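What follows is a set of notes on a single structure, which appears directly below.
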Amino acid sequence: MSTPASASLADADPLLDGLNPQQRTAVLSRSAALLIVAGAGSGKTAVLTRRVARLIRDRELWPSQILAITFTNKAAAEMRERVELLVGREAAQGMWISTFHSACVRILRREAEQFGFGAAFTIYDSADSRALIKRLVKEMQADTLGFTVSAVAGKISRLKNELVDAEGYSRQLNPNDPTEVMFLELFRRYTAELRRANAFDFDDLIAQTVYLFRAFPKVAALYQRRFRHILIDEYQDTNHAQYALIRELTRPVEPVHVPVDTRVELDATGGIPAASLTVVGDSDQSIYAFRGADIRNIVEFERDFTGAEVVLLEQNYRSTQTILDAANAVIANNFDRIAKNLFTAVGAGDKIVGFTGYTQHDEAQFVADEIQKLHEAGTPYSQIAVFYRTNAQTRALEEIFIRSGLPYRVLGGTKFYERAEIKDLMAYLIAVANPADGLAMRRILNTPKRGIGPATETALANHADELGGTMHDALRDAAALGLGPKVTAAILDLAGLLDELADGVTTMLVPDVLTTIIERTNYLELLRGSRDPQDEARAENVEELVAVTRDFQKNNPEGRLVDFLTEVALVAAADDLDDSSGTVSLMTLHTAKGLEYDAVFITGVEENLLPHQMSAAEPGGPAEERRLFYVGITRARKVLHLSLAMTRSTFGDTTVASPSRYLQEIPTELIDWRDSPGMGARSSTRSLGSGRDGFRYSASLPPAGKPKTEWANRVTASVRDNGDLTLAVGDRIRHVDFGDGTVSAVTGVGPKSIAEVQFETAGRKRLLIKIAPLEKL
DNA sequence: GTTCCTAAACTTTTT
DNA sequence: GTTTAGGAAC
């Protein structure tokens, strides 16, 4: 970061060193409300951390009086690290830096008892909510009215983000509309079930904190007094509930809630003035409207917080001018925005590389080949990222990456914690921590199989109701149900295990709780002894989970079961990003927000994918998709690749794809289009619907149904296994796709060994020997 | 109560 | 093409 140094006293301050005038203003402003409009790559993290560092260093307030909200846990950790680097680890102790959800969990765990919840409440993820809603829809036979689980879940979530609870909804509904009445009943029962289970869903974490503050001004005052400076990052993606939370936290404290011994400065009436608020955002990067994010929060900030100061950061320190030109050109097509132009002093840099493949496999091969070239030219794998619109697009990429021996990791997507065996064991842990959680209890009741079927489950649930207690209470009292001796014994055994663990929950280490469960239920042994070949992988996952708990305990020696469960519930896709891993990162465009890489690939830049088909119907959909593309482009520092395929297979059948409308918005001279190597002789007619140059169009598509074997980059669907085949430098081999070649190097050991092969016609490739479709000649 | 087979749904993005 | 849900058979 280099800016012309102005000769002022401030230059002596290392915390202002290297900042441009706007950035300095943003660091130094002491306005009660400050909006920093930070374009992509404009050094906003540097500004935020230095602002916080100055507050602490100059003793304007204690670290514990600072609340900073970031979008992901990873961003929070990064910010803490950078502040510690500036003022020292000791001096930074006590700051709250976290996501909205983590901060609210922290508050709720402290205050839950105030309003009828227990401190060990469970956090339901979307899958848990859906499971519960599914049961309710069934019980109510709501499906006959056309209710689907996802529609109900979506509507409840939207209402909660708007701070409308079941009672609020009942006041505004039409009592003559049976579907509205039914929905209200579902909403009511869902709310009641959560309360009974001592659980909050994701949306509750925010909404219930707001309700808590509104219902208990004394509790609210506690936090209003404590936090004197509040910073919110990615403000453009806050929803109404989050906005309301900010409003609650930035209320002045009434004199009646001011303790006599307060050291805080009082206002004229004897109260404590409102906390200062700093928000950072960029409406061009708002991509979470589907989650309730309301762009008005940032647009109307100045009106909401009177006397607010606004600082604009437009200079970009990340990307080349070529990349910025493309980004500016694309985003300029969104009409309802405040004009803003990113600029840089870096220079034009390389052209954007465009590629049109025949199929998604062809496209993936291009990506893999380009990554290999970049790597050989000195770009580390960790500085390369591949983005896509939907998670389903990873498959083709992964297939090719595995076969090319490229080290990669997928961020987000089908997560570890969504696997059945992991959910099983997590359900045990939850049942131990929160005996009221019926959902977890139902899951473990017959896992592993102990002969407790649906009939017994219902009997136990009814018994719990009769006792007026939890499922756990019913289990202990199973003898009263008059079931068979075998089933009764199994139930009592489970109840005993849970009792035993619940007794030790405050003292036992988390890995010990888990291993006790695994041993007593024989979980691992059963998987090992199974003849289902997939169970071997499941057993490995179970061991991985044990390793995760050990890791957790190592990092949090004081952490107990509830802390572990909280951490697991709130980890986001981008959070487990380990920069030191030395791998290429694959992720959705949404996950890419806030990250940056030397080389970026945006794949699947096609109509119906980017913009996505589903977005067309939504108001503001195409504009939001454009912002998504903009976010993707602006992640790149040095080189950007845009690729698409002419055909794409979804659901097993192949459809013709056409280039995204957004590609036409990038000036032609910025992109260097390359041909697909699998397409044979180049055609002279290259046109796109609009007449702009740049693409091969579908005129050259083969007739439908024609086998794809004629293309050099064809990918065989099944993964083959060459067993223990070993290759040495100089060996001649024949590859199904690439033809004959000579091995020029071999790296790696055992099943992970990779051969570098110089092919006669296809060039140099790296292949995973074990599975590449090749034979030794 | 458990296991196995067929059918249908599935893909937007996530804390 | 894959995964999951539901039903039939044991």
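Within every chain, numbering begins at 1; the chains are lettered A, B, ... in the order of the sequence lines, protein sequences first and strands thereafter. Bear in mind the structure is a predicted one, so any value in this text is a computation, not a measurement. Both backbone and side-chain heavy atoms feed into the values below; hydrogens, waters and symmetry mates do not.
- Atom-to-atom, CG of A:Asp201 to P of B:dT15 comes out at 15 Å; the value is rounded to the nearest Å.
- Comparing B:dT15, B:dT13, B:dT11 by their nearest atom to the side chain of A:Arg291 picks out B:dT15.
- Residue contacts for A:Phe100: at a heavy-atom cut-off of 4.0 Å it reaches no nucleic acid atom on any strand shown.
- Along DNA chain B, the nucleotide closest to A:Asp203 and the one closest to A:Arg450 are compared, and the more 5′ of them pairs with A:Arg450.
- Here C:dT2 is the nucleotide among B:dT13, B:dG1, C:dT2 with the atom lying nearest to any side-chain atom of A:Arg395.
- Atoms CD (A:Glu418) and P (C:dT2) sit 19 Å apart, rounded to a whole Å.
- Residue A:His590 contributes atom NE2, which lies 8 Å from atom C1' of B:dT14 at whole-angstrom precision.
- Judged by the 6.0 Å distance and 45° axis criteria, A:Lys593 is positioned over the aromatic ring of A:Phe71.
- The side chain of A:Asn391 places no N or O atom within less than 4.0 Å of a non-bridging phosphate oxygen (OP1 or OP2) of B:dT12.
- Here the nucleotide nearest the side chain of A:Ala392, chosen from B:dT11, B:dT14, B:dT12, is B:dT11.
- Atom-to-atom, CD of A:Gln360 to P of B:dT11 comes out at 17 Å; the value is rounded to the nearest Å.
- Of the residues near DNA chain B, A:Phe202 and A:Thr456, the one whose nearest nucleotide (by heavy atom distance) lies more toward the 5' end is A:Thr456.
- Nearest to the side chain of A:Thr588, among C:dT2, B:dT15, B:dT13, sits B:dT13.
- Side-chain contact between A:Phe290 and A:Glu624: present, with at least one pair of heavy atoms (C-beta onward) separated by less than 4.5 Å.
- Residue contacts shown for A:Asn446 are limited to sugar-phosphate atoms, with no base heavy atom under 4.0 Å away.
- Comparing C:dG6 with B:dT11, their P atoms sit 16 Å apart, to the nearest whole Å.
- Scanning for ring pair (Phe, Tyr, Trp, His ring centres under 6.0 Å) contacts around A:Tyr662 gives A:Phe629, with sequence neighbours left out.
- In terms of polar N and O atoms assigned as donor or acceptor, the side chain of A:His101 comes within less than 3.5 Å of the base of B:dT15 in a complementary pairing.
- Candidate nucleotides C:dA5, B:dT11, B:dT13 were compared by shortest atom distance to the side chain of A:Met614, and B:dT11 ranks first.
- Whole-Å rounding puts the A:Gln613 CD to B:dC10 P distance at 14 Å.
- For the side chain to side chain contact (heavy atoms under 4.5 Å, CB included) test with A:Cys104, the passing option among A:Leu245, A:Thr99, A:Leu570 is A:Leu245; the others fail.
- For A:Thr99, the listed nucleotide lying nearest its side chain is B:dT15; candidates were C:dG6, B:dT14, B:dT15.
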Step-by-step ring-ring contact (aromatic ring centres under 6.0 Å, His included) determination, A:Tyr223 to A:Phe213: CA-CA 9 Å; A:Tyr223 295 91; A:Phe213 284 168; 5.6 Å; yes
